[in-house]
Amino acid sequence: MEKRLRIKTILAAKPLDREIEIHGWLKSKRESKGLAFLDITDGSTLAGLQVVADESLSNFTTDVARLTTGCSVAVRGLLVASPAKGQEVELHARQIRVHGWAPPDSYPLQKKRHTFEFLRSVAHLRGRTNSLGAVARVRSRLSWAIHLFFQQRGFFQIHTPIITTSDCEGAGEMFTVTALDLDRLPRNDAGSVDYSLDFFGRPASLTVSGQLEAESYALALGNVYTFGPTFRAENSNTSRHLAEFWMVEPEMAFCDLEDDMDLAEEMLKFLIADCLANCGAEMDLFARFIDKDLPARLDNVLQHPFVRLSYTEAVKELQNCGRSFTFPVAWGIDLQSEHERYLAETLCGRPVIVTDYPQSIKPFYMRCNDDGRTVAAMDILFPGIGEIIGGSQREERFAQLKERMEQAAIPLENYEWYLDLRRYGTAPHAGFGLGFERLIQFVTGMGNIRDVIPFPRTPGSSTI
RNA sequence: UCCCCGGUAGCUCAGUCGGUAGAGCAGGUGGCUGUUAACCACCUUGUCGGCGGUUCGAGUCCGUCCCGGGGAGCCA
């Protein structure tokens, strides 16, 4: 007898008229006289397996009749073709053992639709629902597909540090990491905290980006990528922001902005296509229950080249489109959500890459263009979700980089190592950052980023 | 952080002009040899987010705080 067969395997192989054993959770139960139909899922796939139980089971009245949604069971029986509509095969139980009960007066999940808002309050259980389980499987697949994409192309994964002692990485508020006793902080003569007594002998934080460290290894191994957690202490309360999220950051030596954009576009299309090919059941669920337009929107991304337009062109389009925006458009301003939405959704109707932003609104490490007022930056804007990728060609020229850092008041003493990359064997290089959860949002159609990560961290909220 | 909306049974929600609490689902009991969100009958379930105020009377009106959602800013 086959033990511990997973339902995904059973539904694919359909080992008919064989005795098998499954383990899973009861999704729903339907009873007639002396007969019960149990829908069992084990998490391996969206679909459940129908188990047919009758009174000949020794524990039919003592156990089987008392089963409710959420109970975990082991079922041993014969897999047969189903005589009724709705499923191809079913398992005729010869033995049912209860692993664990789920008292219905306290178990929060019911045989009905719950709001995502409610499910967030039971984050430790919500993976058992169809939709959140599907999100978890898609997330896992996308994670794997990211490694596939880069490894197939000869990129090396670099584990950049989670704890950083760079004062400023130019990407938002940081979480402090300390081993000091916060109730009894050591002070120096000036009255400020004496970090020389802290664990690292200097201030430390959680990383807001692995880019700078990735640059170091790009200038050693050529093509590298990072994929790990990232932390921002911004007080952002939106459906697109987390305090802890996962970011993918490729970095390539001997690579310009054009190559960077090509890679980003190829990667996004690869990831979407991979998900459609390998998570069919989950994608069908999202199309049915989450967003009816999802298949068309994904197909639209796959079928067309992304529109590429410079910031200067984008500003002209926005000024001449005849719309009045809440934030007026002028060359030099940062594009607002309403502007980005117009570009991606109305003007182009597909992903747009906006390039060559004004130097004044972008970080110091982006490469200055020959015009002296723009930098070789690119943002990829997706319809419905906004910025999903931000990238640039990096400033590889020592003098120009040092000047930009001084202008931006970056403490050079902490970045000598970064300047060394330009002092010794510098090379043109470029990279970008992809917000992993935003990608999952786009692929699944899920509206709130808190529902595409198992245990979301947001301002004022990190239950579990 | 700002703007808007919301918080009523385990869940999803209704609750009129201020007059004393409702439905569906879930759960329980019974019925039905094959159900598919099973069905039929009956039954159970309340700190109306907290505190304060107005009123003869507050789920309803006012103030305030807490929590959640949507949007904005910032970003990925």
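A, B, ... follow the sequence lines: proteins, then strands. Residue 1 opens every chain. Only this structure's heavy atoms are used, side chains among them; waters, hydrogens and symmetry mates stay out.
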Any carboxylate oxygen within less than 4.0 angstrom of a Lys/Arg side-chain nitrogen, looking at A:K33 and A:E55?
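Salt bridge between A:K33 and A:E55, a charged N being under 4.0 Å from a carboxylate O: no.
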Is A:E21 salt-bridged to A:R97, going by a charged N under 4.0 Å from an acidic O?
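Answer for the salt bridge query: yes.
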Selected nucleotide, minimal atom distance to [X] side chain, candidates [options]:
X	options	result
A:Q110	B:A38, B:C75, B:G10	B:G10
A:R438	B:U35, B:G34, B:A76	B:A76
A:H241	B:A76, B:U36, B:G27	B:A76

Just checking A:K27: does its NZ atom have more than 12 heavy atoms from other residues, nucleotides or ligands closer to it than 6.0 angstrom?
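Counting other residues, nucleotides and ligands, NZ of A:K27 exceeds 12 neighbours.
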Is it the case that over 12 heavy atoms from other parts of the model lie below 6.0 angstrom from the CH2 atom of A:W144?
no
Distance, rounded to the nearest Å, where A:F116 contributes CZ and B:C11 contributes C1':
15 Å
Return the nucleotide paired to B:A37: Watson-Crick means purine N1 to pyrimidine N3 with N6-O4 or O6-N4, wobble means G-U with N1-O2 and O6-N3, both under 3.5 Å.
none
What does B:G6 pair with, Watson-Crick or G-U, if both distances are under 3.5 Å?
B:C67
Taking the nucleotide of RNA chain B with the closest heavy atom to each, which residue, A:W246 or A:G34, is nearer the 5' end?
A:G34
If you assign each of A:K33 and A:S28 to its closest nucleotide in RNA chain B, which residue comes earlier from the 5' end?
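Nearest-nucleotide comparison on RNA chain B picks A:K33.
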Would you say the base of B:A76 stacks on A:F245 (centre-to-centre below 5.5 Å, plane angle below 30°)?
yes
Return the polar atom pairs (N/O with N/O) between nucleotides 69-72 of chain B and the protein under 3.5 Å, or none.
from  : atom 1 : to     : atom 2 : distance (Å)
B:G69 : OP1    : A:R120 : NH1    : 2.7
B:G69 : OP1    : A:R450 : NH1    : 3.3
B:G69 : OP2    : A:R450 : NH1    : 3.2
B:G70 : OP1    : A:N448 : ND2    : 3.3
B:G70 : OP2    : A:N448 : ND2    : 3.2
B:G71 : OP2    : A:S239 : OG     : 3.2
B:A72 : OP1    : A:R341 : NH2    : 2.4
B:A72 : N6     : A:N237 : O      : 3.4

Hey, is the side chain of A:T115 poking within less than 4.0 Å of OP1 or OP2 on B:U12, counting only N and O atoms?
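It does, given that an N or O in the side chain of A:T115 lies less than 4.0 Å from OP1 or OP2 of B:U12.
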Kindly indicate whether the side chain of [X] and the base of [N] share any N or O donor-acceptor pair separated by less than 3.5 Å?
X	N	result
A:E234	B:G73	no
A:H114	B:C11	no
A:Q87	B:U35	yes

Please give the distance between the [atom1] atoms of [N] and [M] as a whole number of Å.
N	M	atom1	answer
B:U47	B:A26	P	22 Å
B:U35	B:G71	C1'	45 Å
B:G7	B:C48	P	14 Å

